[in-house]
Amino acid sequence: MPDRSPRPVHPPRPVGGLLLTAGLLAVGLLVTGCAGTAGSADAPGRSDASDQVDNAGHAVSGGPSPLVMAPRALEPEEIPGLGAATRAAIPSKSSQAVVVTGADRDSDRSAVRVYERDPVTGWQPASDEWPAHNAVRGWTDDHRVGDLRSPIGVFGLTDAGGKLADPGTKLPYDRGPAFTATGTGAQGEPLAGSFDYVVAINYNRKPGTTPLDWTRPLGAEKGGGIWLHVDHGGATQGCVSLPRERMRELLRLLDPAKRPVVVMGDWNALGR
């Protein structure tokens, strides 16, 4: 007779590939659950700005706010080489300055540069540096007639003129033969052509008049007739002289609307 006793039930044998596939699926779920992939919409705990939205459905940033540095206030530039007292002597309404820096107290050599004041960035160069001569004995804080020194200080520039035609200045320009220069300079060089172009320096003079005006508000003993004029190859008696083309350039730069001044003296005096 056939054996009718119950047979043992054995669990089904795993198919090798099936268990491997299930294992890989579990690992995959773990991986996507921890790190996620960019653009995944169902990963909990996401802090990416790309898939966080507000109540209106707009993307918002969920990460920390970036560090924003406050802009640093811009410090207006000052004219190099000028000390506090000299800077304070420049009128607040002046936005153009011709700076004449003497090599030494007793030197007749100088350097000239024009600066213009911007309301935001401060004083900026408006020209190259130009070589110049000043008085044969240098500089003084107390100019006197015949001392052969140039006066130190800050003075207005309001009037121009010369023997030759106006090269294009905005200053009042007085042309005439009275600007003819004769004789010789400190080193015996001819002065001819020195006054072809001049700008009067408002030291002991009446502003708004021709450079030839000899009014002396401080008295005759304090000297006068101090000009910027064409260089003649040597020291002056008190003026500041520039090469001819630089004088023409200066005349075209000067603008009465900017209330130009000349700041002049040896470098040590200007640094006060």
Side-chain angles (χ1 to χ4, degrees), residues 77 79-80 90-101 110-134 150-151 153-182 185 189-215 224-234 236-264:
E77 293 287 337
I79 298 175
I90 300 175
S92 60
K93 293 184 178 180
S94 292
S95 59
Q96 194 172 51
V98 180
V99 180
V100 183
T101 306
S110 301
V112 173
R113 176 166 276 169
V114 181
Y115 289 85
E116 293 188 352
R117 176 156 46 190
D118 181 272
V120 176
T121 60
W123 289 101
Q124 303 295 326
S127 77
D128 294 330
E129 185 176 276
W130 305 327
H133 282 100
N134 52 269
S150 297
V154 178
F155 310 103
L157 300 173
T158 56
D159 306 284
K163 183 180 179 181
L164 300 183
D166 179 357
T169 187
K170 295 177 182 177
L171 297 177
Y173 190 87
D174 178 27
R175 181 190 182 188
F179 288 97
T180 300
T182 60
E189 74 281 5
L191 298 179
S194 300
F195 305 150
D196 284 352
Y197 305 108
V198 310
V199 177
I201 293 172
N202 290 353
Y203 167 80
N204 199 19
R205 70 176 299 269
K206 182 181 178 181
T209 62
T210 172
L212 297 171
D213 184 85
W214 292 97
T215 303
I226 307 296
W227 295 347
L228 289 152
H229 64 69
V230 177
D231 189 74
H232 45 78
T236 71
Q237 293 187 26
C239 298
V240 174
S241 60
L242 288 165
R244 179 175 297 272
E245 284 307 309
R246 301 293 74 78
M247 270 303 300
R248 289 172 57 86
E249 184 177 350
L250 176 64
L251 281 163
R252 289 190 292 265
L253 279 172
L254 292 176
D255 184 353
K258 298 177 180 179
R259 305 194 183 190
V261 296
V262 60
V263 183
M264 53 193 284

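- Checked by atom type and distance alone, the side chain of D159 pairs as donor or acceptor with a backbone atom of G208 at under 3.5 Å.
- Within the model, atoms NE2 of H229 and OG of S194 stand 6.0 Å from one another, a figure rounded to the nearest 0.5 Å.
- Between P91 and V261 the shortest side-chain heavy-atom distance falls below 4.5 Å.
- What you find for G238 and P151 is that their closest heavy atoms are O-CD, 4.0 Å.
- The heavy-atom pair separating L157 from V199 by the smallest distance is CD2-CG1, 4.0 Å.
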>> Run W123 and I90 through side chain to side chain contact (heavy atoms under 4.5 Å, CB included) and show every step you take.
In response: CA-CA 12 Å; W123 289 101; I90 300 175; 4.1 Å; yes
>> Checking E249 against R246 for the salt bridge (charged side-chain N to carboxylate O under 4.0 Å, His left out) test, could you report, in this order, the C-alpha distance in whole Å, the side-chain angles of both residues, the deciding distance, and whether it holds?
In response: CA-CA 5 Å; E249 184 177 350; R246 301 293 74 78; 3.0 Å; yes
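- Distance alone, capped at 3.5 Å, places no donor-acceptor pair between the S95 side chain and the R117 backbone.
- Between the side chain of R205 and the main chain of G225, no donor-acceptor pair closer than 3.5 Å is present.
- Side-chain contact annotation: E116 with Q96, donor-acceptor N/O pair under 3.5 Å present.
- The two residues S150 and N134 make their nearest non-hydrogen contact at OG-CB, 3.6 Å.
- A salt bridge links R248 to E245: one of the charged nitrogens lies within less than 4.0 Å of a carboxylate oxygen.
- Here R113 contributes atom CZ and I79 contributes atom CD1; the two are 11.5 Å apart, rounded to the nearest 0.5 Å.
- Two residues are said to be in side-chain contact when any heavy atoms from C-beta on lie closer than 4.5 Å; Y115 and V263 fail this criterion.
- The local environment of CD in Q237 is sparse, with at most 12 non-hydrogen atoms from other residues, nucleotides or ligands closer than 6.0 Å.
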> Could you walk me through whether N204 and I226 pass the side chain to side chain contact (heavy atoms under 4.5 Å, CB included) check?
Replying inline: CA-CA 9 Å; N204 199 19; I226 307 296; over 6 Å; no
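- The distance from atom OG1 of T158 to atom CD1 of I201, rounded to the nearest 0.5 Å, is 11.0 Å.
- A donor-acceptor contact under 3.5 angstrom links the side chains of T210 and D174, judged on distance only.
- Between K206 and D213, none of the side-chain N atoms (NZ, or NE/NH1/NH2) sits under 4.0 Å from a carboxylate O, so this pair counts as no salt bridge.
- Between H133 atom NE2 and T236 atom OG1 the span is 9.0 Å, to the nearest 0.5 Å.
- Heavy atoms only, all atoms of each residue included: R175 and K163 are closest at NE-O, 3.3 Å.
- G161 approaches P211 most closely through the heavy-atom pair N-CG, 4.1 Å.
- Note: F179 and W227 have tilted aromatic rings, judged against thresholds of 30 and 60 degrees for the angle between ring planes.
- Between the S127 side chain and the V114 main chain, a donor and an acceptor come within less than 3.5 Å of each other.
- A distance of 7.5 Å separates OG1 in T101 from CD in E129, rounded to the nearest 0.5 Å.
- Note: L253 CG to T169 OG1 = 9.0 Å, rounded to the nearest 0.5 Å.
- When the options V198, V112, V240 are evaluated for a side chain to side chain contact (heavy atoms under 4.5 Å, CB included) with L228, the one that passes is V240.
- Closest approach of A160 and L251 over heavy atoms only: CB-CD2, 3.7 Å.
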